[in-house]
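One structure below.
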Amino acid sequence: MSYNFREIEAKWQKYWAENETFKAVNDSDKPKFYALSMFPYPSGAGLHVGHPLGYIATDIYSRYKRHKGFNVLHPMGYDSFGLPAEQYAIQTGQHPAITTENNIKRYREQLDQLGFSFDWSREVRTSNPQYYKWTQWIFIQLFNSWYNKKSDKAEDISTLISVFEKEGNANVMAACDDDTPKFSAGEWNHFSEKEKQEILLKYRLTYLADIEVNWCPALGTVLANDEIVNGVSERGGHPVIRKKMTQWSMRITAYAQRLLDGLDKIDWPQPLKDSQTNWIGRSEGASVTFNVMNASDAERLPAGQAGSRSDKEVISTPLNHQYRIEVFTTRPDTIFGVSFMTLAPEHDLVAKITTPEQKAAVEAYVEATSKRSERDRMADVKTVSGVFTGAYAEHPFTKEPIPIWIGDYVLASYGTGAVMAVPCGDQRDYDFAKHYNIDIPNIFEGVDISEEAFADKATTIIANSDFLNGLSYKDATKKVIAELEKIGHGVGKVNYRLRDAVFSRQRYWGEPFPVYYVDGMPQMIDLEHLPLELPEVEKYLPTETGEPPLGNATNWAWNIEQCTVVNNQLIDHKTVFPLELNTMPGWAGSSQYFNRYMDPRNDEAIFSKEAIDYWQDVDLYIGGSEHATGHLLYSRFWQKFMFDRGYVPKDEYAQKLINQGMITGTSAFIYKDLDSNKVYSKGLKEGKNVIPIHADVSLVNASDELDVEAFKKWQPEYQDAEFILEDGKYIVGREVEKMSKSKYNVVNPDAICEEYGADSLRLYEMFLGPLEQSKPWNTAGITGVYSFLKKLWKLYSVYIDGSQSGVEAEPTAENLKTLHKTIKKVEEDIENFSFNTSVSTFMICVNELTAQKCTSKAILEPLAILVSPYAPHIAEELWERLGHTESIAEAPFPKFEEKYLVESSKEYPISFNGKVRFKLEFPLDMDKGEIEAAVLAHEKTIDQLQGRSPKRIIVVPGRIVNIVE
RNA sequence: GCCUUGGUGGCGGAAUUGGUAGACGCGCUGGAUUCAAAAUCCAGUGUCUUCGGACGUGUGGGUUCGAUUCCCACCCAAGGUACCA
């Protein structure tokens, strides 16, 4: 009876589903293990062979842990809100929910045929109202929280209110908006309700803010940076402008330091930790305040000459204390090298301080900058541009006037949007100063700055800097911060690159905010009325007035008496109020899904206390590295918030994370002659004027030969082309590229399963190479693992065909040795996530046992368990044929016993000067001296030495002998 | 530029603590079986070679009895990031 994978795989998939073999329970005496794969967005294209790689790895580990006696949680679900379904809806009018439902169905079929041990009873879909009810709930919790820097955690907003009532906000240390005013308890208690709400909004962990966005009027939508190419929209090429819009924002910056610190506690890949570290971008330095000088005095100063003036009269003139410029600098030690200041063109002060003479130039420059995207400005490093405002700031120590410029190399979104320019110490400032002929005072000892700026902190010795002279970077920084604090002009500060995260999207297919507006102030809908379900709309585009798609809904107003959604026409701002029109971004639904899996059908809470106490956190999380600074950062933020508020026991949700590598495609090319109707085989293209054309990889065999007839059928325009063959074959060129439809190199798992089976596919995906590395797919190689499975099947033939002869045969020492070295290696491999080497080990094991003609049950039973995590269908079938009536899923993993591997002798490699010449066998208990004597006495050694006497002999017992001549 | 990861046969890759480089598989060559093909099985397969050997893990040095492995410098590729003050 031959290996019929179709029958076997269908049989066991059905068995697992019917018997709920992989259903996890929330209470068990067994230790818990939570293995998680990143859930997919169900796209219309379905899965290609690259997608299941991580799922297979997680599945192998899950199955292994079951054999090891763990209660394993291995769930799967769908990140089912997203743009493609909405785009499709805009084009066709089909509701995104229908598209999504269809795509999920297709995904499920594809996943099912791969034999994963998912607990499907726990499936979640982020677009399901029963799920997003809890996404809305978390949003409300964030709204009702503030970040107390004293306790260093999020607290309920009520604790903040009670402080305000007692003592105002003078002593409150909180993460809040920069423009939060100071007030006393008395003032607070006299604020109107609306004023109080406005203040509180500046403290809440999710808040409304006016944020500058890339607005595309023609599309009526906000665009992400990468949707803009050369200042116009990628789709349609429409103009894009920077515009302020009121958006929900998440105060992730409150957690910047903890997100950084937490990285030390978790076993995540170093490159991923590094990209999060860079993203958070901590820098230490100082915040320094410069007073802006009175405009009338500034007029009397020539531009660019500020540093050299000593006009006592001017300096003693009263300053315009109305305006102050705050800068952040990582080099406060260079403060005496400041020769100008640069503001971002968007900076609030620009309009206020610009002198009448400079007004026209400044306005033109600001206007021009507003048309450039931030990315555009950052990408252009070569062009130096800027305009003088006509205004001057006063140096906090020297009291010298410093000209204030604006320049687009300063970004409003980083730091304070202003820099103190030290041209001798910063290359950008240097270039700017050179370009506009501004002074470049040298404040470094023994450094030539005639060609470029000097930025090496390690060798810095400060000069020409009053009280800082002769100090190193470190000492000068310390001292200058102390002095700045003394004169009230600055303070030591840690700055983060991380920005608060914009949480509003002008989209339809996302979670609605549980928010309505009373007198312009946001109000949360009570939990008992959630979920607030997405309304039906006629059109999925923005409205004619530029409102988000939910603006098209006719039933989208909140009645506070009935607590239901009602028709917009009923809005009276007394009992019926407008609802929020934005929806949440893609990362909302994925930021706590791993916890929801613990108790996914709970309608009373996001999860029960029992469930979270039992499962705690994710033990193993596998997914792509492309989520490094998106999902994987936001989800850590929400987890820390949930931890602060006492909902979860761990402030990091995934102990170990592995990034699976990308599977790339192996594209095939034909070579079309540009001068004739000929198509040359790869070996004949030299010297010809050819261009490579993609051929579909399914038309090429393992030897790179193209099926020319099939190709002509596929691309009829080549019907009459002449294919020039070599040795009667057309050989294609090969190149590794990203797997993509347009490159005709996409390989579909369905086709592989149909031809070789899921077990072959699973083994082959692992066999390709290390999990973390990216590697090219080439279907040709799968025959190797397929014939391995056939050999494995054959090894069990006495049990399969029922002859049963030799069943009781005692295993030989050889059999046991083969088995136990396999157990040892496979167990080590799985623990190290080195799945590729396990597959090789299985092949060696089966080859050896076949050569040994092994039929012993004592060997074949444990072997089936070893194979089971990798190739579960065949393992189940063999297990059954061996006489078992229960699934193999929880059969105990075989125990490795060293005694079967103990050898009595070793074949020593005998090397001369490190080069192996021959081998000699000695007992392992032979000591160094005996081995040395035996080697030296051997005729081959004498022959090799040719009468020379060796200088030294190294004997490493059990390893090697090296003779040094 | 900076950070990270990697570079081993025709290809994917293996090599546990510094100890026999190239396991395992694909492909290729030859053979068996077959009317033939597929499938299967057997043997061979790093390069060069005067058949003694010599060379060989990106390049050049170093440490060592011995280096794919450790150290230094450099080159290349992939991913991340960037007027970040």
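Chain identifiers are assigned alphabetically (A, B, ...) following the order of the sequence lines, protein sequences preceding nucleic acid strands; residue numbering begins at 1 within each chain.
Among the atoms of the strands shown, none is found under 4.0 Å from any heavy atom of A/Asn495. Across all strands, A/Ser787 comes closer than 4.0 Å only to sugar-phosphate atoms, never to a base (heavy-atom distances). Using a 4.0 Å heavy-atom cutoff across all strands shown, A/Pro909 reaches at least one base atom of the nucleic acid. Using a 4.0 Å heavy-atom criterion, one finds that A/Thr342 contacts no nucleic acid atom at all.
Straight-line distance from the CE atom of A/Met662 to the C1' atom of B/rG79: 9 Å, rounded to whole Å. For the pair A/Ile953 CD1 and B/rG19 C1', the computed distance is 17 Å after rounding to whole Å. Between the P atom of B/rC65 and the CD atom of A/Glu932 lies a distance of 16 Å, rounded to the nearest Å.
The phosphate of B/rU17 (OP1 or OP2) has no side-chain N or O of A/Arg959 nearer than 4.0 angstrom. Here A/Asn847 reaches the OP1 or OP2 of B/rG25: one of its side-chain N or O atoms lies under 4.0 Å away. In this structure, A/Arg917 reaches the B/rA54 phosphate: one of its side-chain N or O atoms is under 4.0 Å from OP1 or OP2. One finds no side-chain N or O of A/Lys775 lying less than 4.0 angstrom from the OP1 or OP2 phosphate oxygen of B/rG13.
A 3.5 Å limit on both hydrogen-bonding distances identifies no Watson-Crick or G-U partner for B/rA23. When both pairing distances are held under 3.5 Å, B/rG66 makes no Watson-Crick or G-U pair with any nucleotide shown. The partner of B/rA43 is B/rU29, by the rule that a Watson-Crick or G-U pair needs both atom distances under 3.5 Å. The partner of B/rU4 is B/rA78, by the rule that a Watson-Crick or G-U pair needs both atom distances under 3.5 Å. Base pairing of B/rG9: no nucleotide in any strand meets the Watson-Crick or G-U wobble criterion (both distances under 3.5 Å). The partner of B/rA38 is absent, by the rule that a Watson-Crick or G-U pair needs both atom distances under 3.5 Å.
Of the charged side-chain nitrogens involved, none lies within less than 4.0 Å of a carboxylate oxygen, so that A/Glu898 and A/Lys821 do not count as a salt-bridged pair. Residues A/Glu284 and A/Arg282 are paired through a salt bridge, judged by an N-O separation under 4.0 Å between the basic side chain and the carboxylate. Note on A/Glu754 versus A/Arg6: salt bridge recorded, some NZ/NE/NH1/NH2 to OD/OE distance being below 4.0 Å. Using a 4.0 Å cut-off between charged side-chain N and carboxylate O, A/Lys824 and A/Glu828 make a salt bridge.
Here the separation of B/rA32 from B/rU17, taken at their P atoms, is 47 Å to the nearest Å. Only the P atoms considered, B/rG13 is 32 Å distant from B/rG62, to the nearest whole Å. Rounded to the nearest Å, the gap between the C1' atom of B/rU63 and that of B/rA73 is 15 Å.
An anti base is found at B/rG46: its glycosidic angle is more than 90° from 0.
Ring planes of A/His631 and A/His627: perpendicular class, angle over 60° (limits at 30 and 60°). Relative ring orientation between A/Tyr870 and A/Phe835 is described as perpendicular, the plane-to-plane angle rising above 60° on a 0-90° scale split at 30° and 60°.
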